[in-house]
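We count ligands from 1, going down the list as the structure has it; atoms in each ligand are counted the same way. In what follows, residues are counted from 1 in the order of the sequence shown.
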Amino acid sequence: MKFFLDTVDIKALAPSVETGLIEGVTTNPSMMAQSRRPQREVILDICSLVKGPVSVEVIATDYTEIVREAHDLANLASNVVVKVPVTFDGIKACQKLHQEAIPVNATLCFSPLQALLAARAGATYVSPFMGRIDDCGQEGKELIASIRTLYDDDSSLETQILAASVRHAKHVLEAAYAGADIVTVTPQVFRSLYAHPLSDKGLEQFLKDWQAAQKT
Ligand code: G3P
């Protein structure tokens, strides 16, 4: 499973990218709004920092406008992936963009059938929102496992499962076990993946023992 970062915060992005473990970035309109910066500037900054795919979501909701906006976004940088919602018009636009070789991330996915439609329409990625499903008392990991089964049963489907709306390290592990190809996490969740109290305690003891031996 690959790791993408779910953020528009350039300051938080840089240290994670420097690990060499971050292979892409995802964004959404809420994050863009919170950045209080022109979207074009944010996109160009991220695309210059990350060589991998950078997902940027359209605001338009009707087919014609989605396609027009997607062309504008795709023209900003060669690694832009256009995010479209898994609506009737969004998936129709996905089909058109696929025919034009513009990569699409089909987002706001909450059902296996939405994921199947997105894959049939040629989406490069589908983003099932694990956290928001768990927030409803259901199991986000089960959605990912169902999508994995549907995709594996049809060798013609090439869409990658990009687990999104990840709240914590447990979601990352659940996504991996359920068969996600990619997980997108906030910089905070990414950093938490390294942490374990016994690792910290063990390192502290190693260094303490080493230092004590230097004094004898
Ligand atoms: O950016 C897509 C997804 O990761 C959003 O997550 O936390 O708003 O449910 P969240």
Minimum-distance protein heavy atom relative to [atom]:
atom	value
atom 4 (O) of ligand 1	D6 OD2, 2.6 Å
atom 6 (O) of ligand 1	S165 CA, 3.3 Å
atom 8 (O) of ligand 1	R132 NH2, 2.8 Å

Margin query: Do L73 and Q39 have side chains that approach each other closer than 4.5 Å (heavy atoms only, starting at C-beta)?
Written below: yes

At less than 4.0 angstrom from any non-hydrogen atom of [X], what atoms of ligand 1 do you find?
X	value
R167	7 (O), 9 (O), 10 (P)
K83	1 (O), 2 (C)
N28	1 (O), 2 (C), 5 (C)

Checklist line | Heavy-atom donor-acceptor pair, H168 side chain to H171 backbone, under 3.5 Å | finding: yes

Margin query: Between R68 and E65, does any NZ, NE, NH1 or NH2 come within less than 4.0 Å of an OD or OE carboxylate oxygen?
Written below: yes

Check: Is it the side chain (CB and beyond), the backbone, both or neither of M130 that lies under 4.0 Å from ligand 1, heavy atoms counted?
Finding: neither

Note to self: Is it the case that the side chains of S16 and R191 hold a donor-acceptor pair, with the cut-off being a distance below 3.5 Å and no angle test?
What the structure shows: no

Notebook entry, point to check: Any side-chain donor paired with an acceptor under 3.5 Å for D6 and T186?
Noted result: no

Notebook entry, point to check: So which of V172, N105, L162 actually passes side chain to side chain contact (heavy atoms under 4.5 Å, CB included) with T184?
Noted result: L162

